[in-house]
There are 2 protein chains.
Amino acid sequence: MTVDHLDPTPLWKQLAAVLRQMIESGKLKPRNPLPSESTLQQEYGVSRGTIRKALADLRADDLIVTIAGRGTFVKPHS
Amino acid sequence: MTVDHLDPTPLWKQLAAVLRQMIESGKLKPRNPLPSESTLQQEYGVSRGTIRKALADLRADDLIVTIAGRGTFVKPHS
DNA sequence: GAGAATTTGTACGTATGTATG
DNA sequence: ACATACATACGTACAAATTCT
């Protein structure tokens with residue numbers, strides 16, 4: 001799964017979909033850290049702003065938790 | 001009084017405000033030692049760097065004096 | 001005085017937060 | 001969407017100063 005710059009769908013939405021799938025499929029497990037924003041930039045070839053937009057989307061859906069200076073983690077099922 | 005990681009105000013500013021208040025209220029008296037940086041870390045749940053930034057702020061205002069190997073003390077009124 | 005423990009000083013490295021162009 | 005810059009925050013490691021045993 002990756003992101004397509006030619007696809008008219010906003011990159012951040014594409015990326016959010018990819019990450020969402022990784023979480024829901026269990027590839028990323030609860031309490032596990034997501035790759036850092038810097039790493040995600042390299043992996044998906046998009047800017048940090050786009051990364052952060054995607055993360056904000058997942059965060060709004062309570063799928064992840066972000067801690068400054070720490071990282072972003074898959075939210076444990078409460 | 002404590003600090004709130006969700007509050008948008010920088011943690012070091014929040015902590016500086018807390019300590020400042022303890023000094024101005026007389027809860028911490030002149031020549032009295034502040035808790036060590038290690039203790040402050042545990043009490044407020046923030047990193048040492050954040051602690052030191054808060055202390056640096058009070059030091060800049062001449063409210064405290066720090067001595068290496070000894071500790072940090074409330075500055076006596078000159 | 002020796003050695004361990006405690007406290008502050010300094011320097012990195014990494015990660016997120018925010019603002020600007 | 002991208003690039004850049006700086007601020008904020010965490011963590012680690014080691015050095016230096018002081019105190020305690």
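None of these values were measured; they are calculated from a predicted model.
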J.: Taking a pair as Watson-Crick (N1 to N3 plus N6-O4 or O6-N4) or G-U wobble (N1-O2 and O6-N3), both under 3.5 Å, which stems of 3 or more consecutive pairs involve DNA chain C?
T.: C:2-21 with D:2-21
J.: Taking A/K29 for its side chain and A/G26 for its backbone only, find out whether a donor-acceptor pair lies under 3.5 Å.
T.: yes
J.: Once you round it to whole Å, what is the distance between P of C/dT8 and CD1 of B/I64?
T.: 10 Å
J.: In this structure, how many angstroms lie between the C1' atom of C/dT16 and the CG atom of A/L34, rounded?
T.: 13 Å
J.: With side chains defined as the heavy atoms from C-beta onward, is the minimum distance between B/L55 and B/I51 less than 4.5 Å?
T.: yes
J.: Specify the separation, in whole Å, of atom CD of A/Q41 and atom C1' of D/dA3.
T.: 9 Å
J.: Report the residues that fulfil salt bridge (charged side-chain N to carboxylate O under 4.0 Å, His left out) with B/D62, sequence neighbours left out, ordered by chain and then residue number.
T.: B/K75
J.: Check the pair B/R31 / B/V74 against side-chain contact (heavy atoms from CB on, under 4.5 Å), numbers first and verdict last.
T.: CA-CA 5 Å; B/R31 287 177 233 277; B/V74 180; over 6 Å; no
J.: Rounded to whole angstrom units, what separation is found between the CG atom of A/L40 and the P atom of D/dC2?
T.: 13 Å
J.: For a side-chain contact (heavy atoms from CB on, under 4.5 Å) check, start with the C-alpha distance between B/H5 and B/L11, then their side-chain angles and the critical distance, and finish with the verdict.
T.: CA-CA 7 Å; B/H5 282 258; B/L11 293 176; 3.5 Å; yes
J.: If I take atom CH2 in residue B/W12 and atom C1' in nucleotide D/dC10, what distance separates them, rounded to the nearest angstrom?
T.: 17 Å
J.: Starting at atom CG of B/L58, determine the distance to atom P of C/dT8, rounded to an integer number of angstrom.
T.: 14 Å
J.: Any side-chain N or O of A/K53 under 4.0 Å from OP1/OP2 of D/dA1?
T.: no
J.: When you compare the protein's N or O atoms with those of nucleotides 17-21 of chain C, which come within less than 3.5 Å of each other, and at what distance?
T.:
| unit_1 | atom_1 | unit_2 | atom_2 | d |
| --- | --- | --- | --- | --- |
| C/dG17 | OP2 | A/R52 | NH1 | 2.8 |
| C/dG17 | OP2 | A/R52 | NH2 | 3.0 |
| C/dG17 | N7 | A/R48 | NH2 | 2.7 |
| C/dG17 | O6 | A/R48 | NH1 | 3.1 |
| C/dT18 | O4 | A/R48 | NH1 | 3.4 |

J.: Which residues pass the salt bridge (charged side-chain N to carboxylate O under 4.0 Å, His left out) test with A/R20, sequence neighbours left out?
T.: A/D57, A/D61
J.: Please determine, for the side chain of B/S36, which listed nucleotide (D/dC2, C/dT7, D/dC10) has the closest atom?
T.: C/dT7
J.: Report yes if a side-chain nitrogen or oxygen of B/T50 is closer than 4.0 Å to either non-bridging phosphate oxygen (OP1 or OP2) of D/dT8; otherwise report no.
T.: no
J.: Taking the side chain as C-beta and beyond, is there a heavy-atom pair between A/D7 and A/Q14 under 4.5 Å?
T.: yes
J.: If you take any heavy atom closer than 4.0 Å to DNA chain D, which residues from residues 69-77 of chain B end up in contact?
T.: B/G69, B/R70
J.: Rounded to the nearest Å, what distance is computed from the CG atom of residue A/D7 to the C1' atom of nucleotide D/dA1?
T.: 15 Å
J.: Side chains of B/L58 and B/I23, heavy atoms from C-beta outward: is any pair under 4.5 Å?
T.: yes
J.: B/R48: what forms a side-chain contact (heavy atoms from CB on, under 4.5 Å) with it, not counting sequence neighbours?
T.: B/E37, B/Q41, B/R52
J.: Is there side-chain contact between B/Y44 and B/T2, with at least one heavy-atom pair below 4.5 Å?
T.: yes
J.: Using whole Å, what does the distance between atom P of nucleotide D/dT8 and atom CD1 of B/I51 come to?
T.: 16 Å
J.: Just by modelled atom types, is the A/V46 backbone N or O under 3.5 Å from a matching donor or acceptor in the A/T50 side chain?
T.: no
